[in-house]
Asks: 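Have a look at this one before I ask anything.
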Amino acid sequence: MMNTLPNLPVLYAGDVIIAKKRKGLGRILNHYIVYVGNNTFVGNLSDGVKELPYYELMRLFQDYEPIGVRSFSGSYFQRNEAVNRAYSKLGHSYSLINFNCEHFANWVQFGRLESSQVTTGFVILASAVFLKLIATDE
């Protein structure tokens, strides 16, 4: 359990902090960081999945604003399994399309490598291409 992050509820292992860039275009995307217990976090950053001690998280929060927590829902056993999933990806490379911070957080909490942000981005891109094709056909 952890309760020293301002404006956030008490954290338990397996919970995910959701944050947004404080400035710039990156504000349209969410960033996800997993709490694994003992004041330690695991995040999938540009240099890959790594453990973030509390002080490093505070450094990250200079650029990112925490906006909420997605609590882990499951039993004590399932929570431990989620933490094990987080640690199983340490050192895994970051990929915006195939393995970003949302993929990682969903893997930890649900055992699924999914990113709604990537899916939405592809839908928007496909729609734009489709509309452009229609407009040039006229």
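Values in this document were obtained by computation on a predicted structure and should not be read as measured data.
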Asks: Relative to the ring of F104, is the ring of F99 parallel (under 30°), tilted (30 to 60°) or perpendicular (over 60°)?
Replies: perpendicular

Asks: Quick check: does any side chain N or O of R79 sit under 3.5 Å from a backbone N or O of A13, one acting as donor and the other as acceptor?
Replies: yes

Asks: How many angstroms lie between atom CG of N100 and atom NE2 of H31, to the nearest 0.5 angstrom?
Replies: 9.5 Å

Asks: I need the minimum non-hydrogen distance between A105 and Y32, along with the two atoms involved.
Replies: CB-CB, 3.6 Å

Asks: Determine yes or no for a side-chain-to-main-chain donor-acceptor pair under 3.5 angstrom, with R85 supplying the side chain and W107 the backbone.
Replies: yes

Asks: Provide the closest heavy-atom pair for N30 versus K20 in the form atom of the first, atom of the second, distance.
Replies: OD1-NZ, 2.8 Å

Asks: Rounded at 0.5 Å granularity, tell me how far CD in Q62 sits from CG in L57.
Replies: 10.5 Å

Asks: Contact between L96 and Y94 at the side-chain level, heavy atoms closer than 4.5 Å - yes or no?
Replies: yes

Asks: Is the side chain of E102 donor-acceptor paired with the backbone N or O of E114 at a distance under 3.5 Å, no angle test?
Replies: no

Asks: Quick one: which of D15, V34, I17, V36 gives a side-chain contact (heavy atoms from CB on, under 4.5 Å) with F41?
Replies: I17

Asks: For the atom pair CG (L52) and CG (N39), what is the distance rounded to the nearest 0.5 Å?
Replies: 12.5 Å

Asks: Over all heavy atoms of both residues, which pair between A86 and V49 is shortest? Give the atoms and the distance, please.
Replies: O-CG1, 4.4 Å

Asks: Distance from L90 atom CG to K50 atom NZ, nearest 0.5 Å?
Replies: 11.5 Å

